[in-house]
Amino acid sequence: MAVISSPPAASTAPLIDGIGRRISYLRLSVTDRCDLRCRYCMAEDMQFLPKSAILNIEEMGDLAERFVARGIRRIRLTGGEPLVRRGIDTLAMRLGALIGHGLDELTLTTNAMRLAEHAPMLAAAGVRRINVSLDTLDPAAFRHITRVGDLGVALRGVDAARSAGLAVKINMVALAGLNEDQLLPILDFCSANGCDLTLIETMPLGEIEGDRSDHYIPLHQFIAPLRAARAIWPVDKATGGPARYFAIEDSPVTLGLITPLSDNFCSTCNRIRLTVEGRIYMCLGQDDHVDLRAALRDGDDVDGLIDVALAGKPRAHDFHIERKSQPAVARHMSATGG
Ligand code: SAM
Ligand code: SF4
């Protein structure tokens, strides 16, 4: 008599790593592709994954549901540029339906090039907050940093998101010699548009043209002009994420600082990352990963592999900007999802 084996039942065991950190936040990279080529993120002639190497939208939804069953409360869709992925609307709707059924929040990080067209869909899917990457308000500098981007398109995207009722946080990567003069203008833009602002130190991920350390600037130095002009003080806003938050005198903007290089934040890390290839990376700054794609397609023990990944979550990243011309990991941020 033939024995029909059924795939192992999905687990509901909570996600707790080898040193007791509870994992409740999933970054889901839905594509490695992008319509921009930001200099600190990508090389100009990036090679992207072939279609055969990536998860389809249904597989991504299946995996995300599995993670929610195991205690993931927040999912952020990212990439590459998530809004260039065909089927992003289907995925957003499917994951949005989990809100209130295990999931607390669905968010997205975008460069805003296609935000005007997608903002109503995101709002309808249940997204309430998004992050928009905006490193400068100078059109020529925007074009230079992104190599191909149009600032006006990004600003219209932010407008459309606000009109659709989405809260917008601006992400700004601090870049010596490229946008040091932009902190105060972007703060004013955030005040006028009801946005918060998070500053990020450039991280050594993936080969780019030139040496990333040429543009690295520690955030305490980047914000010195702001400190000279206005008082800032820490506020309590525990998100489990890497940012530390500050209030600014005479400003409604909450300022977040992400300082992986000058001030390591790993001890409270609550996140994992799933790439478009179906790999779980337990740390943005380490190469260790576990591949779920084959197990998913073959009906093997996906939850067992998730447990293997959890047990191996590193204590901390391994970023050192001074390792000239040698990134900490070969993957680009766009592959793992920022
Ligand atoms: N394409 C979308 C965007 O730019 O918002 C989402 C993906 S992008 C990889 C996510 C975030 O990572 C962006 O805010 C981007 O500025 C940031 N980022 C990319 N490469 C980085 C690097 N090497 N160091 C620090 N931040 C980086
Ligand atoms: Fe694309 Fe985002 Fe990377 Fe810029 S930072 S190249 S928008 S993935």
Side-chain angles (χ1 to χ4, degrees), residues 27-46 48-49 76-85 88 107-115 118 129-136 142-151 153-154 157-158 161 168-176 178-179 182 186 195-219 222 241-243 256-262 265 271 273 275-276 281 284-285 317 319-321 323 327-338:
R27 294 247 166 154
L28 184 53
S29 177
V30 300
T31 179
D32 63 328
R33 291 167 191 259
C34 188
D35 43 3
L36 299 184
R37 293 286 184 280
C38 302
R39 288 172 189 274
Y40 51 81
C41 178
M42 290 191 180
E44 192 162 15
D45 61 342
M46 282 288 287
F48 297 110
L49 293 165
R76 177 174 295 280
L77 302 174
T78 179
E81 172 49 41
L83 297 181
V84 305
R85 176 73 202 245
I88 185 68
T107 58
L108 170 112
T109 300
T110 177
N111 62 26
M113 290 295 113
R114 300 187 186 199
L115 188 52
H118 286 295
R129 302 188 301 141
I130 60 171
N131 289 356
V132 170
S133 302
L134 184 66
D135 300 323
T136 177
F142 186 86
R143 170 60 60 103
H144 177 75
I145 292 170
T146 62
R147 290 196 181 99
V148 291
D150 180 334
L151 177 67
V153 175
V158 172
V168 175
K169 180 158 72 73
I170 301 295
N171 278 353
M172 177 184 191
V173 176
L175 299 163
L178 293 179
N179 68 356
Q182 289 293 305
I186 286 200
C195 307
D196 284 329
L197 174 64
T198 291
L199 306 178
I200 309 173
E201 285 176 351
T202 179
M203 297 174 228
L205 297 168
E207 295 286 351
I208 54 171
E209 282 101 19
D211 191 335
R212 212 180 246 112
S213 60
D214 291 347
H215 294 298
Y216 170 70
I217 173 169
L219 288 189
F222 191 76
L257 302 184
I258 301 187
T259 52
L261 289 128
S262 62
F265 48 63
R271 61 192 56 197
R273 296 177 150 83
T275 71
V276 70
Y281 281 90
L284 186 60
H317 67 63
F319 293 145
H320 298 281
I321 198 78
R323 279 188 205 143
V329 292
R331 294 181 331 272
H332 293 84
M333 179 80 112
S334 53
T336 330

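In listed order, ligands and their atoms are each counted from 1. What you see is a predicted model, and the numbers here were worked out from it, not measured in a lab.
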Novice: Among residues at least two apart in sequence or on other chains, which ones pass salt bridge (charged side-chain N to carboxylate O under 4.0 Å, His left out) with Arg143?
Specialist: none
Novice: Within ligand 1, which atoms have a heavy atom of Thr202 less than 4.0 Å away?
Specialist: 24 (N), 25 (C)
Novice: Looking at Asn171, which atoms of ligand 1 are within less than 4.0 Å of one of its heavy atoms?
Specialist: 14 (O)
Novice: Closer than 4.0 angstrom: is that true for some heavy atom of Ser133 and an atom of ligand 2?
Specialist: no
Novice: What heavy-atom pair brings Met42 and Asp32 nearest, and what distance separates the two atoms?
Specialist: CE-O, 4.0 Å
Novice: Of all residues at least two apart in sequence or in a different chain, which pass the salt bridge (charged side-chain N to carboxylate O under 4.0 Å, His left out) check with Arg114?
Specialist: Asp35
Novice: Would you say atom 1 (Fe) of ligand 2 has Cys34 as a near neighbour, meaning an N/O/S atom of that residue under 2.8 Å away?
Specialist: yes
Novice: Which of the numbered atoms in ligand 2 are below 4.0 angstrom from a heavy atom of Gly80?
Specialist: 8 (S)
Novice: Looking only at heavy atoms, is any part of Asp135 under 4.0 Å from ligand 1, and if so is it the side chain, the backbone, or both, or is it neither?
Specialist: neither
Novice: Please identify which atoms of ligand 1 are closer than 4.0 Å to at least one heavy atom of Val173.
Specialist: 16 (O), 26 (N)
Novice: Using distance alone, with no hydrogens and no angle criterion, decide if Thr109 and Arg76 have a side-chain donor and acceptor under 3.5 Å apart.
Specialist: yes
Novice: Regarding Glu201 and Thr259, do their side chains bring together a donor and an acceptor under 3.5 Å, going by distance alone?
Specialist: no
Novice: For the atom pair SG (Cys34) and CE (Met46), what is the distance rounded to the nearest 0.5 Å?
Specialist: 9.5 Å
Novice: Is the contact between Thr78 and ligand 1 made by the side chain, the backbone, both, or neither, using heavy atoms and a 4.0 Å cut-off?
Specialist: side chain
Novice: Please could you name the atoms of ligand 1 that Asn111 approaches to less than 4.0 Å, counting only its heavy atoms?
Specialist: 2 (C), 3 (C), 5 (O)
Novice: Look up atom CG in Leu28 and atom OG1 in Thr78, then write down how far apart they are to the nearest 0.5 Å.
Specialist: 9.0 Å
Novice: Counting heavy atoms only, which of Cys38, Ser29, Gly80 is nearest atom 7 (C) of ligand 1?
Specialist: Gly80
Novice: Short list, please: which atoms of ligand 1 are under 4.0 Å from a heavy atom of Cys41?
Specialist: 19 (C), 20 (N)
Novice: Regarding ligand 1, does Met203 bring an N or O atom to under 3.5 Å of one of the ligand's N or O atoms?
Specialist: yes
Novice: Quick one: pull up CG in Asn179 and CZ in Phe142 and give me the separation to the nearest 0.5 Å.
Specialist: 12.0 Å
Novice: Less than 4.0 Å is my threshold; does some heavy atom of Glu201 fall inside it relative to ligand 1?
Specialist: yes
Novice: For a quick check under 3.5 Å, do Thr31 and Glu81 share a side-chain donor-acceptor pair by atom type?
Specialist: no
Novice: With only distance considered, is Tyr40 within less than 3.5 Å of ligand 1 through an N or O on each side?
Specialist: yes
